[in-house]
Amino acid sequence: QPDDKAVLLHRLGRLLHDNLRLCGASYRSDHAEMIIILPHARSREAVRKASQLRQKIRQTLSTRDLTVSVSFGLASLNVGDTAQTLIDDA
């Protein structure tokens with residue numbers, strides 16, 4: 001099972017990289033958590049992109065034996081925010 005999880009996380013990272021390279025970036029922040037940064041997106045655009053990514057991840061990474069689902073949190077940068085406050089807000 002651990003090898004399967006590592007393969008799945010690698011495939012997820014590749015999918016995010018391929019789908020964000022023109023508008024943002026993704027980073028693995030914790031054991032199975034990813035941070036996606038969309039520097040020029042407004043909140044509405046970020047919600048739309050998250051929905052597109054959620055669907056693409058489910059379609060691409062799910063198999064007959066495994067259904068993959070993801071959840072997204074959204075935070076907007078405000079004056080005085082730090083990386084930690086953004087993560088906490090999302």
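Side chains included, hydrogens not; waters and symmetry mates left out as well; all remaining heavy atoms used. Here, residue 1 is the first one in the sequence, and each next residue gets the next number.
Residues meeting the side-chain contact (heavy atoms from CB on, under 4.5 Å) test with A46, sequence neighbours left out: L38, L74. A search for side chain to side chain donor-acceptor pair (under 3.5 Å) contacts involving D88 returns Q84, not counting sequence neighbours. Remark: A75 pairs with L86, D89, A90 by the side-chain contact (heavy atoms from CB on, under 4.5 Å) rule, at least two apart or across chains. Scored by the salt bridge (charged side-chain N to carboxylate O under 4.0 Å, His left out) test, D18 finds R14 as partners (sequence neighbours excluded).
The two residues H17 and S26 have their closest heavy-atom pair at N-OG, 4.3 Å.
Cluster membership for L15 and V70, using ILVMFWY side-chain heavy atoms within less than 4.5 angstrom, is shared. Under the 4.5 Å side-chain contact rule for hydrophobic residues, L16 and I35 do not share a cluster. A continuous path of Ile, Leu, Val, Met, Phe, Trp and Tyr side chains, each step under 4.5 Å between heavy atoms, connects L12 with F72, placing both in one hydrophobic cluster.
For residues 50-62, no residue pair satisfies the side-chain hydrogen bond (donor to acceptor under 3.5 Å, both in side chains) rule, not counting sequence neighbours. Pairs of residues two or more places apart, or lying in two chains, that qualify as side-chain hydrogen bond (donor to acceptor under 3.5 Å, both in side chains) and include a residue from residues 70-81 are S43-S76, D81-T85.
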> When you look at L20 and L53, which way does the side-chain contact (heavy atoms from CB on, under 4.5 Å) test go after all the steps?
Replying inline: CA-CA 9 Å; L20 294 170; L53 286 170; 4.1 Å; yes
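A distance of 5.0 Å separates CD1 of I37 from OH of Y27, quoted to the nearest 0.5 Å. Distance check: C23 SG to K49 NZ gives 4.5 Å after rounding to the nearest 0.5 Å.
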